[in-house]
Chemist: 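Before anything else, here's the structure in question.
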2 protein chains.
Amino acid sequence: MGYSIGQVAKKTGLSVHTLRYYEKEGLLPFIRKTSSGLRVFSDDDINWLGMIECLKATGMPLKGIKQYIDWYHQGDSTLSQRLAMFRQQEQNIKTKMQELNTNLAKIQYKIRLYDAAVKQGSLSQVQQEPEFRAARLRLFGH
Amino acid sequence: MGYSIGQVAKKTGLSVHTLRYYEKEGLLPFIRKTSSGLRVFSDDDINWLGMIECLKATGMPLKGIKQYIDWYHQGDSTLSQRLAMFRQQEQNIKTKMQELNTNLAKIQYKIRLYDAAVKQGSLSQVQQEPEFRAARLRLFGH
DNA sequence: CTAAAACCTAGAGTATACTCTAAGTCAAGG
DNA sequence: CCTTGACTTAGAGTATACTCTAGGTTTTAG
């Protein structure tokens, strides 16, 4: 039920430096310490690190994550702020996914283009082919 | 057919500072300059900025983008490197999209949870409900 | 012709998120 | 008991990508 910082680093893939940094930034205000000063992580703390990872991976800066954790600590009076934050984050993710989709199509055009170019040994000729010109116009607007 | 740096900044949404920074970093080795030193951007240059934006938005660092531009300048001898780069980038995008999907499900769980919590005025009770416990176990593993 | 706006370079400063170092303390195995 | 490895803090250093400043030049509109 209690993990050292090194064990948590192995479990999560974060470095011990990063874990201490997160605590210093206020992202881990839960962590207990032994009388001699060693951090003791609980399973709950590791779950929190999972939530931090989720928010980080979806583009939230550490300050935003800290805000959430602070709200959490303030109890039920901040429920609506936290709900609003998650709604905003949902929107951010959806926007980012659409952007990735659009850009994936562009990259896949480039793959088709370069695949043909590698086969022919030349890019400039392939680019002139009607099929590629049409796709380029549709995807890049030129 | 020729744009000033300020016009390009408006067109692209990038700042003039950023455009000069990109040139300094080797991302815009095409840009012509007038005899008095002013940058003159062509439509082609603006298309390049579009490609830079695409790569940047899909997580490629400026160094990687510069590598691509350098390869482009070296001509058809680097076609296969460029193809490999785009294939790698396609994979990066797909991985990122899967990650976003997984994390979107977690955020949407939180929205449902907090929506119910706001209605009841308490988080701790809602968290105990079987429906939410089951979803939490499925999505977060605890 | 002049004043204001836009441009130039070189270099310093900022924000974010780590990442590492130094100097020391603590804990577990032989 | 003692060594080795893991831990501690405080603070410095790094990487990335801007962002801004100072001091000066060029362009453009009246």
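Letters A, B, ... are given to chains in the order of the sequence lines, protein chains preceding strands, and every chain is numbered from 1.
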Chemist: If you count heavy atoms of other groups shown closer than 6.0 angstrom to CD of A/Q74, is the number above 12?
Modeler: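 Check passes, neighbour count above 12.
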Chemist: Any side-chain N or O of B/K33 less than 4.0 Å from the OP1 or OP2 oxygen of C/dT9?
Modeler: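 Affirmative; the distance criterion is met.
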Chemist: Between P on C/dA17 and CD on A/E23, what's the gap in Å once rounded to a whole number?
Modeler: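 To the nearest whole Å, that distance equals 18 Å.
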Chemist: Nearest-Å distance, CD (A/E25) to P (D/dG11)?
Modeler: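 Rounding to the nearest Å, CD of A/E25 and P of D/dG11 are 15 Å apart.
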Chemist: Any chance OH of B/Y72 has more than 12 other-residue heavy atoms, nucleotides or ligands included, within less than 6.0 Å?
Modeler: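 Open.
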Chemist: What's the verdict on side chain to side chain contact (heavy atoms under 4.5 Å, CB included) for A/W48 and A/I69, showing C-alpha distance, side-chain angles and the deciding distance?
Modeler: CA-CA 9 Å; A/W48 267 103; A/I69 289 166; 3.6 Å; yes
Chemist: Assess whether a salt bridge exists between B/K56 and B/E53, defined as any Lys/Arg side-chain N lying under 4.0 Å from an Asp/Glu carboxylate O.
Modeler: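 Answer for the salt bridge query: yes.
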Chemist: Please work out whether the ring planes of A/H73 and A/F30 are parallel, tilted or perpendicular, with thresholds of 30° and 60°.
Modeler: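 Geometry flag for A/F30 against A/H73: tilted rings.
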Chemist: Expressed as a whole number of angstroms, how long is the span from B/I5:CD1 to D/dT27:P?
Modeler: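 Rounded to the whole Å, the gap is 15 Å.
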Chemist: Is any side-chain N of the basic residue among B/D115 and A/R87 closer than 4.0 Å to the acidic one's carboxylate O?
Modeler: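 Salt bridge between B/D115 and A/R87, a charged N being under 4.0 Å from a carboxylate O: yes.
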Chemist: Can you establish whether the number of heavy atoms outside B/Q128 located under 6.0 Å from its atom CD is more than 12?
Modeler: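 Counting other residues, nucleotides and ligands, CD of B/Q128 exceeds 12 neighbours.
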Chemist: Starting from the 5' end of DNA chain C, give me the residue, B/G6 or A/M60, whose nearest nucleotide shows up first.
Modeler: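 On the 5' side of the pair lies B/G6.
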Chemist: When you look at B/M97 and A/L104, which way does the side chain to side chain contact (heavy atoms under 4.5 Å, CB included) test go after all the steps?
Modeler: CA-CA 10 Å; B/M97 281 171 67; A/L104 177 61; 4.3 Å; yes
Chemist: Could you tell me the separation between the CZ atom of A/F41 and the C1' atom of D/dC7, rounded to a whole number of Å?
Modeler: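 One finds 12 Å between C1' of D/dC7 and CZ of A/F41, rounded.
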Chemist: Please say whether more than 12 non-hydrogen atoms of neighbouring residues, nucleotides or ligands are located less than 6.0 Å from CD in A/Q127.
Modeler: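 Yes - once you tally the heavy atoms of other residues, nucleotides and ligands closer than 6.0 Å, there are more than 12.
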Chemist: In whole angstrom, give the distance that lies between atom CD of B/Q7 and atom C1' of C/dA5.
Modeler: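 Nearest whole value for this atom pair: 13 Å.
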Chemist: Reckon B/R39 has a side-chain N or O less than 4.0 Å from the OP1 or OP2 of D/dT26?
Modeler: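 It does not, given that no N or O in the side chain of B/R39 lies less than 4.0 Å from OP1 or OP2 of D/dT26.
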Chemist: What does the list of N/O pairs under 3.5 Å between the protein and nucleotides 18-21 of chain D look like, with a distance for each?
Modeler:
unit_1 : atom_1 : unit_2 : atom_2 : d
D/dC18 : OP2    : B/Y22  : OH     : 2.6

Chemist: Restricting to nitrogen or oxygen on both sides, can you table the protein-nucleotides 27-29 of chain C pairs closer than 3.5 Å?
Modeler:
unit_1 : atom_1 : unit_2 : atom_2 : d
C/dA27 : OP1    : A/S36  : OG     : 3.1

Chemist: Does D/dC7 have OP1 or OP2 sitting under 4.0 Å from an N or O in the side chain of A/S4?
Modeler: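 So the side-chain polar atoms of A/S4 do come within 4.0 Å of the phosphate oxygens OP1 or OP2 of D/dC7, strictly under.
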